[in-house]
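What follows is a short report on a single structure.
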Amino acid sequence: MAALSGVRWLTRALVAAANPGAWRSLSTSVVAQAASRSQAEDVRVEGAFPVTMLPGDGVGPELMHAVKEVFKAASVPVEFQEHHLSEVQNMASEEKLEQVLSSMKENKVAIIGKIHTPMEYKGELASYDMRLRRKLDLFANVVHVKSLPGYMTRHNNLDLVIIREQTEGEYSSLEHESARGVIECLKIVTRTKSQRIAKFAFDYATKKGRSKVTAVHKANIMKLGDGLFLQCCEEVAELYPKIKFETMIIDNCCMQLVQNPYQFDVLVMPNLYGNIIDNLAAGLVGGAGVVPGESYSAEYAVFEMGARHPFAQAVGRNIANPTAMLLSASNMLRHLNLEYHSNMIADAVKKVIKVGKCLSAIPSFLLHPLALLAIE
């Protein structure tokens with residue numbers, strides 16, 4: 001039936017494991033009420049880890065409600081400090097942005113939904129989402145694309161990681177009309193940031209026991225911009241002789257991902273390419289609703305969905321798949337060294353999917369933003 005009803009099954013299983021008999025049923029009306037609430041009260045738990053929560057737009061509030069209910073059922077020692085920032089719900093201002101930044105800087109860890117960016121130009125080129133990432137210097141976006149047993153997809157047993165530089169490139173918000181009917185949009189590539197993301201990718205591969213890094217580029221056309229990015233990756237690769245290094249042009253990479261994704265291990269790329277590849281790869285394993293993501297700076301960690309979609313057409317219909325957000329939340333707990341709770345939630349989510357009785361599949365080739373998850 002309804003997608004978020006799967007959370008009921010999950011919370012039931014979690015409570016049974018941690019505290020038999022303590023489960024209280026959740027109704028879909030509660031989900032709807034929580035989604036429409038403009039500001040939820042923070043859960044105050046003595047000795048808990050403070051985490052900034054930014055529900056975002058679309059089904060974000062519903063997905064965050066699922067996270068909070070599962071955390072409650074699993075007795076996770078986390079205190080959510082909830083803030084709202086939205087350009088489409090008249091909840092965006094410099095004051096609200098500063099409040100969110102202040103909370104994130106204090107807590108160092110956040111979990112966020114998709115902050116939708118309107119296409120209309122209203123005098124400011126940089127969206128609040130982009131400004132948030134720049135002010136926190138969240139330069140590295142990491143999306144772990146892994147098959148989940150129970151989802152029927154064209155390719156099985158996939159396990160690859162996409163690392164994206166997300167503070168410059170095509171998302172630099174530098175556009176102007178140089179002559180009537182002529183728009184110049186600047187793509188910024190710097191040696192410092194290219195070296196930084198390349199080193200992050202190789203460090204990640206080393207830490208996680210990965211064997212290969214592929215740099216994705218378009219240096220055959222953008223000889224200076226992407227050429228500099230590629231040169232930086234090649235220079236950094238020489239410092240990691242145990243990690244195999246390859247390069248691939250972005251258009252060929254898209255085709256190879258569809259034909260033979262097993263050849264990839266860790267991929268590192270500039271901003272726009274990463275956005276495209278994140279979504280393409282998510283479609284290979286079931287859609288945006290099943291792939292977690294995270295973004296890092298030197299100080300902060302932000303956990304989110306790997307493929308960012310607000311899925312506004314599903315708001316209030318109780319069909320949004322909470323898998324990606326729950327797995328992101330599990331990754332957040334691991335970052336906080338709460339291994340027990342992290343494994344409990346991740347294992348429960350994967351078990352629900354593997355059992356298969358609660359799934360209503362959407363063909364992955366449709367690249368639907370969120371798959372349906374149902375129970376009973």
Side-chain angles (χ1 to χ4, degrees), residues 63 67 109-114 138-151 153 155-166 197-198 200-216 243 253 256-258 261-269 271 273-297 300-309 321-339 341-343 345-351 353-354 364 367 369-371:
L63 299 181
V67 170
V109 178
I111 183 167
I112 68 175
K114 168 62 178 174
L138 295 167
F139 70 94
N141 178 244
V142 180
V143 175
H144 187 180
V145 180
K146 189 172 183 178
S147 297
L148 295 174
Y151 280 123
T153 57
H155 301 287
N156 298 310
N157 301 315
L158 288 183
D159 186 357
L160 57 95
V161 177
I162 301 162
I163 296 177
R164 162 192 179 191
E165 204 296 322
Q166 61 175 5
I197 195 65
F200 181 95
F202 278 93
D203 284 344
Y204 182 96
T206 301
K207 181 179 179 181
K208 301 293 185 179
R210 300 268 173 172
S211 60
K212 183 172 71 171
V213 172
T214 302
V216 181
I243 304 293
C253 180
Q256 294 296 329
L257 272 170
V258 174
Y262 303 101
Q263 65 185 287
F264 297 106
D265 194 354
V266 175
L267 300 93
V268 60
M269 61 201 74
N271 210 335
Y273 309 157
N275 192 5
I276 295 169
I277 295 297
D278 283 347
N279 284 266
L280 190 157
L284 297 177
V285 295
V290 302
V291 179
E294 51 220 58
S295 295
Y296 296 99
S297 72
Y300 312 113
V302 173
F303 297 84
E304 56 194 333
M305 295 176 66
R308 304 163 188 163
H309 294 278
N321 188 346
T323 300
M325 197 61 79
L326 288 172
L327 292 178
S328 293
S330 172
N331 292 339
M332 180 188 73
L333 296 179
R334 185 169 293 109
H335 176 79
L336 293 171
N337 292 318
L338 295 172
E339 290 283 344
H341 295 90
S342 172
N343 292 333
I345 292 173
D347 291 346
V349 170
K350 293 172 184 177
K351 182 178 180 181
I353 296 170
K354 188 174 183 178
S364 62
L367 298 182
L370 293 168

Are the side chain of [X] and the backbone N or O of [Y] linked by a donor-acceptor pair below 3.5 Å?
X	Y	value
Asn141	Glu165	no
Ser328	Phe303	no
Tyr273	Val268	no
Asn279	Asn275	yes

What distance do [X] atom [atom1] and [Y] atom [atom2] have between them, rounded to the nearest 0.5 Å?
X	Y	atom1	atom2	answer
Met269	Asn271	CE	CG	11.0 Å
Lys350	Lys146	NZ	NZ	5.5 Å
Ser330	Glu339	OG	CD	9.0 Å
Asn321	Met305	CG	CE	8.0 Å
Leu327	Met332	CG	CE	12.5 Å
Tyr204	Ile197	OH	CD1	12.0 Å

Identify the two heavy atoms, one from [X] and one from [Y], that lie closest to each other, and give their separation to 0.1 Å.
X	Y	value
Ile277	Cys253	CD1-SG, 4.2 Å
Ala205	Val213	CB-CG2, 3.9 Å
Leu63	Pro322	CD2-CA, 3.8 Å
His144	Val291	O-CG1, 3.8 Å

Ile243/Val266 under side-chain contact (heavy atoms from CB on, under 4.5 Å): CA gap, chis, key distance, verdict: CA-CA 10 Å; Ile243 304 293; Val266 175; over 6 Å; no
Positive for side chain to side chain contact (heavy atoms under 4.5 Å, CB included) with Val145, one of Ile162, Asp278, Leu267: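 One option only clears the test, and that one is Ile162.
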Between Asn157 and Ser147: side-chain donor-acceptor atoms closer than 3.5 Å: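 No - no donor-acceptor pair under 3.5 Å links their side chains.
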Can you find a pair of side-chain heavy atoms, one from [X] and one from [Y], that are under 4.5 Å apart?
X	Y	answer
Gln263	Thr214	no
Val143	Arg164	no
Thr153	Leu284	no

side-chain contact (heavy atoms from CB on, under 4.5 Å) evaluation trace for Thr323 with Val349: CA-CA 7 Å; Thr323 300; Val349 170; 3.9 Å; yes
Asp159/Arg210 salt bridge by N-O under 4.0 Å criterion: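 Salt bridge present between Arg210 and Asp159.
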side-chain contact (heavy atoms from CB on, under 4.5 Å) assessment of Tyr262 paired with Leu158: CA-CA 6 Å; Tyr262 303 101; Leu158 288 183; 3.4 Å; yes
Residues Leu148, Val285; criterion side-chain contact (heavy atoms from CB on, under 4.5 Å); working and verdict: CA-CA 7 Å; Leu148 295 174; Val285 295; over 6 Å; no
Mutual orientation of the aromatic rings belonging to Phe139 and Phe200 [parallel < 30°, tilted 30-60°, perpendicular > 60°]: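 Rings of Phe139 and Phe200: perpendicular, as their planes differ by over 60°.
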